[in-house]
Peer 1: 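Here you go, one structure.
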Amino acid sequence: MKIGVLSVQGAVSEHLKHLALCGVEAVPVKDTTNLSRVNGLIIPGGESTTIGKLIEAFGLTGPIRERSEKGSLAVFGTCAGMILMAQEVSDGIARQPKLGLMDIRVKRNAFGRQRESFETAFKFNSFETPLPGVFIRSPLIETAGPGVEILASLEEGSVAARQGNLLTTSFHPELTDDLRVHQYFVEICKSLKQS
Ligand code: GLN
């Protein structure tokens, strides 16, 4: 079991550390050779337009789409990663580069200036105790298609979702000591059919 963290820009090392603590081999991914060797890929937080442009320039957009559509790659996007995974982005730039993997519409910087960065705990799927999450200029899920399962919501809207082999959170689980979301992603990776 090998899981990659897209390492073109953004919060990479914290994800690598969390994956290692979950007992899986974690590797940075920035080219198609690295990508072909992993069962799962985390798209970290950062700046979604920058990450989107860089993955296009590095020829990663097509291969990520193909393998995730085939079901041989699990993808987990956090924050900017959620924006890249969404099929629709409201308030994006005119040519918002995206992977468009999940049947969701997201709003960028959805919490406004009042709540730009904050930490809060909330119910996540079937976890027994509240999950702490760090939000940094985070997006919200505005709408989700019928194949999408919402895993967590705040008063303002939905902040985590799953669609088969695809997982997304608008918060940063890598910035707390809680490993449960990464463990949840590792389980999705383990359940994939082999490519
Ligand atoms: N607001 C950023 C964006 O639109 C995402 C912020 C983050 O990843 N922490 O790309």
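First listed ligand is number 1; within each ligand, the first listed atom is number 1. All values derive from a computational prediction rather than experimental measurement.
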Peer 1: Which ligand 1 atoms, with their elements, are less than 4.0 angstrom from a heavy-atom of E47?
Peer 2: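 In order of numbering, the contacting atoms are 3 (C), 10 (O).
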Peer 1: Can you find a side-chain donor-acceptor pair between S90 and E88 that sits under 3.5 Å?
Peer 2: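 Result is no, nothing qualifies.
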Peer 1: Is there a polar contact, in the sense of an N or O pair closer than 3.5 Å, between I83 and ligand 1?
Peer 2: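 Looking only at distances, the answer is no, because the N/O contact criterion of under 3.5 Å is not met.
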Peer 1: Quick check against the 3.5 Å criterion: does S170 have a side-chain atom that pairs as donor or acceptor with the backbone of S138?
Peer 2: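 The answer is no, because no donor-acceptor pair under 3.5 Å joins these two groups.
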Peer 1: With heavy-atom distances below 4.0 Å as the criterion, list the atoms of ligand 1 near G45.
Peer 2: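 So the atoms of ligand 1 that pass are 8 (O).
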Peer 1: In the protein, what heavy atom is nearest to atom 7 (C) of ligand 1, and what distance, to one decimal place, separates them?
Peer 2: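 Among all protein heavy atoms, the one nearest atom 7 (C) of ligand 1 is C79 SG, 2.8 Å.
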Peer 1: Is there any N or O on H172 that sits under 3.5 Å from an N or O of ligand 1?
Peer 2: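 H172 vs ligand 1: N/O contact under 3.5 Å present.
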Peer 1: Who's the nearest protein heavy-atom neighbour of atom 3 (C) of ligand 1, and how far?
Peer 2: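 Answer, as residue, atom name and distance: R108 NH2, 3.3 Å.
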Peer 1: Decide if the gap between the ring center of F118 and the ring center of F171 is smaller than 6.0 angstrom.
Peer 2: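 Ring centroids of F118 and F171 are no less than 6.0 Å from each other.
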Peer 1: Given salt bridge (charged side-chain N to carboxylate O under 4.0 Å, His left out), test K190 with E187 step by step and report yes or no.
Peer 2: CA-CA 5 Å; K190 283 186 186 161; E187 291 308 314; 3.6 Å; yes
Peer 1: Considering only protein heavy atoms, which is closest to atom 5 (C) of ligand 1, and at what distance to one decimal place?
Peer 2: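 In this structure, atom 5 (C) of ligand 1 has G46 O, 3.4 Å as its nearest protein heavy atom.
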Peer 1: Under a 3.5 Å cutoff, is there a donor and acceptor pairing between the side chains of T169 and R162?
Peer 2: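 No, because no side-chain N or O of T169 sits under 3.5 Å from a partner of the opposite role on R162.
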Peer 1: Please state which protein non-hydrogen atom is closest to atom 10 (O) of ligand 1 and give its distance, to 0.1 Å?
Peer 2: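 Closest protein heavy atom to atom 10 (O) of ligand 1: S48 N, 2.6 Å.
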Peer 1: How far is atom 1 (N) of ligand 1 from its nearest protein heavy atom, and which residue and atom name does that atom have?
Peer 2: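 Checked against all protein heavy atoms, atom 1 (N) of ligand 1 sits closest to N109 OD1, 2.7 Å.
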Peer 1: Can you find an N/O atom of R137 closer than 3.5 Å to an N/O atom of ligand 1?
Peer 2: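 By distance alone, the answer is yes.
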Peer 1: As a quick check of understanding, evaluate salt bridge (charged side-chain N to carboxylate O under 4.0 Å, His left out) for E156 and K107, giving each step before the final call.
Peer 2: CA-CA 12 Å; E156 294 87 345; K107 184 175 163 62; over 6 Å; no
Peer 1: Please determine whether salt bridge (charged side-chain N to carboxylate O under 4.0 Å, His left out) holds for the pair R105 and E142, giving the CA-CA distance in whole Å, both sets of side-chain angles, and the decisive distance to 0.1 Å.
Peer 2: CA-CA 6 Å; R105 185 178 82 214; E142 292 186 314; 2.9 Å; yes
